[in-house]
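As structure tokens, the structure follows; a few thoughts come after it.
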Amino acid sequence: MSKKIIYSFGMNKEILYYQIQNIGIRLKRIQNIDEKLDIIIEKYYSRDILFNPYHNSKNRLMRMIIEDDFPTVEKWNKIAEDEGYLSHISLEYIAECNWKQLKIKMIKEIKAILLK
């Protein structure tokens, strides 16, 4: 694997795909690998959800939304530090959105679950 690709893993997917296209690897093939990797990660963490810090943090936030107490960034970082959850920066990075958009995503997810 080239240094260019290894360095790209720290960047977002769009930049990675652009760089991969520029070095001659097929984008569709890489997207398929990316999707398979997501499935593998999901299967790995679904075995024991207690060890997945993202899901634990997300579930705590969802409980706070249901209780109508969605925290500010400062309040969440304090909770995360005290209770061992991911910081707001980590959650934003994983969810690929800002704090406000994360709240909206989670509300939609809760509504979808309730409508089932």
Side-chain angles (χ1 to χ4, degrees):
M1 188 178 281
S2 76
K3 290 180 184 176
K4 192 171 188 178
I5 292 175
I6 293 170
Y7 178 75
S8 297
F9 283 115
M11 300 176 190
N12 66 28
K13 289 180 181 180
E14 291 79 23
I15 293 172
L16 175 62
Y17 293 155
Y18 176 77
Q19 288 181 349
I20 289 170
Q21 267 189 324
N22 284 341
I23 60 172
I25 300 174
R26 290 184 173 167
L27 179 63
K28 187 164 180 78
R29 186 172 175 198
I30 295 301
Q31 286 173 334
N32 289 339
I33 292 170
D34 185 47
E35 289 168 5
K36 289 177 185 175
L37 182 61
D38 287 344
I39 291 168
I40 291 168
I41 291 170
E42 184 178 318
K43 284 184 181 180
Y44 173 78
Y45 280 122
S46 67
R47 285 189 216 149
D48 198 347
I49 202 75
L50 296 175
F51 293 113
N52 187 336
Y54 173 69
H55 285 293
N56 291 339
S57 301
K58 185 176 163 188
N59 288 340
R60 176 72 162 101
L61 273 172
M62 285 191 159
R63 284 195 308 269
M64 293 180 87
I65 289 173
I66 292 168
E67 295 166 358
D68 199 27
D69 186 30
F70 192 81
T72 63
V73 168
E74 294 80 18
K75 184 177 175 184
W76 173 255
N77 285 337
K78 178 69 174 143
I79 292 169
E81 184 179 339
D82 294 343
E83 299 178 20
Y85 296 114
L86 296 177
S87 69
H88 86 280
I89 294 291
S90 298
L91 292 171
E92 288 176 348
Y93 179 78
I94 293 169
E96 298 178 340
C97 61
N98 65 34
W99 193 245
K100 184 178 178 180
Q101 292 168 333
L102 179 63
K103 178 182 178 182
I104 293 168
K105 270 182 158 179
M106 295 176 101
I107 290 171
K108 287 179 182 179
E109 195 172 319
I110 291 169
K111 285 181 182 179
I113 292 169
L114 294 174
L115 291 176
K116 283 185 179 181

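Nothing here was measured: the structure is a model prediction, and the numbers come from that model.
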Would you say Ile89 and Leu61 are hydrophobically clustered, going by side-chain heavy atoms of ILVMFWY under 4.5 Å?
no
So, taking the atom named NZ in Lys58 and the one named CD1 in Ile94, what distance separates them when rounded to the nearest 0.5 Å?
10.5 Å
CG of Asn56 to CG of Leu86: how many Å apart, nearest 0.5 Å?
8.5 Å
Roughly how far apart are His88 NE2 and Trp76 CH2, rounded to 0.5 Å?
12.0 Å
Looking only at heavy atoms, which two atoms of Met62 and Ile110 are closest? And how far apart?
O-CD1, 4.0 Å
Would a distance-only check, ignoring hydrogens and angles, find a side-chain to backbone donor-acceptor pair under 3.5 Å from Trp99 to Leu91?
no
Interatomic distance, NZ@Lys111 vs NZ@Lys108, rounded to 0.5 Å, equals 9.0 Å
pair Lys75-Asp69: side-chain heavy atoms closer than 4.5 Å
yes
Side-chain donor/acceptor of Lys105 to backbone N/O of Cys97, under 3.5 Å:
no
Rounded to the nearest 0.5 Å, how far apart are CD of Glu92 and CG of Asn98?
6.0 Å
Listed by chain and number, what are the side chain to side chain contact (heavy atoms under 4.5 Å, CB included) partners of Glu81, not counting sequence neighbours?
none
Quick one, Asn77 and Pro71 - any side-chain contact, counting heavy atoms below 4.5 Å?
no
Nearest 0.5 angstrom please: Leu102 CG to Ile65 CD1, how far?
7.5 Å
Look at the side-chain heavy atoms of Ile, Leu, Val, Met, Phe, Trp and Tyr, link any pair under 4.5 Å apart, and say whether Ile66 and Ile104 land in one connected group.
no
Indicate the atoms forming the closest heavy-atom contact of Ala95 with Tyr54, along with that distance.
CB-OH, 4.2 Å
